[in-house]
Undergrad: 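I'd like to ask some things about the structure below.
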Amino acid sequence: MSLAISSDDEIKKVIDTIEVKNIVDYLQNEYKFSKEEALQSFKQYKDYLFLLIKYKKMMPPSFEIHQALKAHLFSHIDEFVLIKKRLFNGNSYLIKYQDYFESKKFIKKENKDGYEEITKPLFLKEFNENLPDFEVVYFSRKWKRYVTPFLQNLMYIGFLIVASLIIYLLAHHLSIFVA
Amino acid sequence: MYDEARLTHIKNVINVDDMAEIIEYLHNERGWSYYNAYLSCKLYKNYLYLLAKYKKNIPPSFEIYQVWRAHALIEPEDYRKMCHEIFGDESARLSRVKHYFKDDEFISPIDRDNFENITADLYFKEFGKKINVFYARHWKEILLEKMGEYKSTILKIVSTVVVPLTIYLWVSSVGHYNDLIREAHADITKAMISVSQKFEDRNIICRFSLKDQQNHNYITMLYDYHQSLTNELVKLISIVDQTYANNLITPKLRLNLLSFAKKYDHILSQEGPYICRIKMEDPEAERQARGEQIKAIKESESSLETSILGIKIKDKHDISYTPEGFGIH
């Protein structure tokens, strides 16, 4: 049974129990972050968790925080579940995973807006830290799945037409056509 | 390694999860069809079984990887619980989701080799079928995979023999087609020249003097020429029809035909006074009948001249030949 955590200090205390090694190693080894970037992302991730508990608001993370969250889930699921249970008991929707990013860009515009209107100002207010800006993707992965094979096939058909045209013109040039 | 009872338990633990939320996520966020998402979940469950049984960190296929990460991300509690149950003490190591893919390609070639040599083999050994790969694969890749070990040989044959042969056959067929066009063009031109010639000959005969035209032989000759012209026309029309049917009419030839039709429009499209397309059943009898008819007319003229007026009527009638017979103007 988890105890209710209310004060900022208590929240920070629980968050500080997250083991740095697992997440930083994962970020370095799997996502190829430098050590400084990994440590910075880890810190921002912890701050992000703090803001989620404190303000009880859904807020889209930065790309680095998002990667750190994934690293936490993938590298140490036991710890993540434990922290989630202790901190978000009853508010687990706040930490529910979403695909926020694709190629370092927000997939949805509303998440970019939420990030700029909620996450960034809160980071500035609470930690005096400026988070970077991110663009929105033009075509999400979901649509690329349909568009890419179509374009590939279109290119292939185009190639066939051009090749046939070249052979036709070549044959014509060689005076095969008399009539 | 586990005993049978433990393996059955592992299978049951894995299969008890319907993964509905994962399927929904793959469909909504990744654009997969429900069917593909469902199949991928089945593959993933089999993969988890392999991990649990062999306790090796074997690389998954792309589809399995997508389901795996989705499972950990979307349902972390369920994933953790399942891992504890099936991996036991090795849970911390085996539940770790390595970042295997960038887009749909293995990041590390070692992982790719291990997937092809270890995962695929183990999968086949355990489940008696190949590990299906269906997502984000271009049809060319699928085709190449199907070719299997003969891939390089087939590619060599295709590139060195089939492609040049296809090009050769294609060019030859174009050449053959052009030969046919050339022949058809020559036949039509010959027929057109022949029709023109016959028409000119007929014109010469038509310009004979009236006196000549009153000669019986003239009628016979005119008939023969008309018959000959008609035959040539029928022949031309037959060749043109055949050429159209064989799709051998070129724009140039079509222009020639149009120009010819324009010139001889009255022959081709109208029944001119000197044209007869109807074959006579018995030309000799016809000629004789017509000769007698002319003779009768002449006799009646002569009789009129003698009995009534007492003078000779000269060039009173201009006799011509029409499809319907003789016309007396």
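Every chain is numbered from 1, with letters handed out A, B, ... down the list of sequences.
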Undergrad: If only side-chain N and O atoms count, and only distance matters, is there a donor-acceptor pair under 3.5 Å linking H84(B) with D78(A)?
TA: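 Side-chain D/A pair, D78(A) to H84(B): present.
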Undergrad: For the interface with chain B, which of Q98(A), K84(A), H76(A) has the highest count of heavy-atom pairs at distances below 4.5 Å?
TA: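 Answer, by heavy-atom pair count under 4.5 Å with chain B: K84(A).
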Undergrad: Would you please say whether a donor-acceptor pair under 3.5 Å links the side chains of Y34(B) and E24(B)?
TA: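 Y34(B) vs E24(B): donor-acceptor pair found between side chains.
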Undergrad: For the backbone of A184(B) and the side chain of T243(B), can you confirm whether one donor and one acceptor N or O come within less than 3.5 Å of each other?
TA: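 No, T243(B) side chain to A184(B) backbone: no donor-acceptor pair under 3.5 Å.
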Undergrad: Check whether the side chains of Y48(A) and H66(A) place a donor and an acceptor atom closer than 3.5 Å, and report yes or no.
TA: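 The criterion, which ignores hydrogens and geometry beyond distance, is not satisfied for H66(A) and Y48(A).
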Undergrad: Please classify the contact of K32(A) with chain B as side chain, backbone, both or neither, using a heavy-atom distance under 4.5 Å.
TA: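 For K32(A), there is no contact with chain B at all, as no heavy atom is under 4.5 Å.
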Undergrad: Are any of the side-chain nitrogens in E135(A) or K104(A) under 4.0 Å away from the carboxylate oxygens of its partner?
TA: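 A salt bridge is absent here (no side-chain N lies under 4.0 Å from a carboxylate O).
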Undergrad: Which atoms of Y100(B) come close to chain A, meaning under 4.5 Å heavy atom to heavy atom: side chain ones, backbone ones, both, or neither?
TA: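 Neither the backbone nor the side chain of Y100(B) comes within 4.5 Å of chain A.
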Undergrad: With a 4.5 angstrom heavy-atom cut-off, is it the side chain or the backbone of L248(B) that approaches chain A, or both, or neither?
TA: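 Contact with chain A: none, neither part.
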Undergrad: If I measure from the heavy atoms of chain A, does W68(B) come under 4.5 Å with its side chain, its backbone, both, or neither?
TA: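 For W68(B), there is no contact with chain A at all, as no heavy atom is under 4.5 Å.
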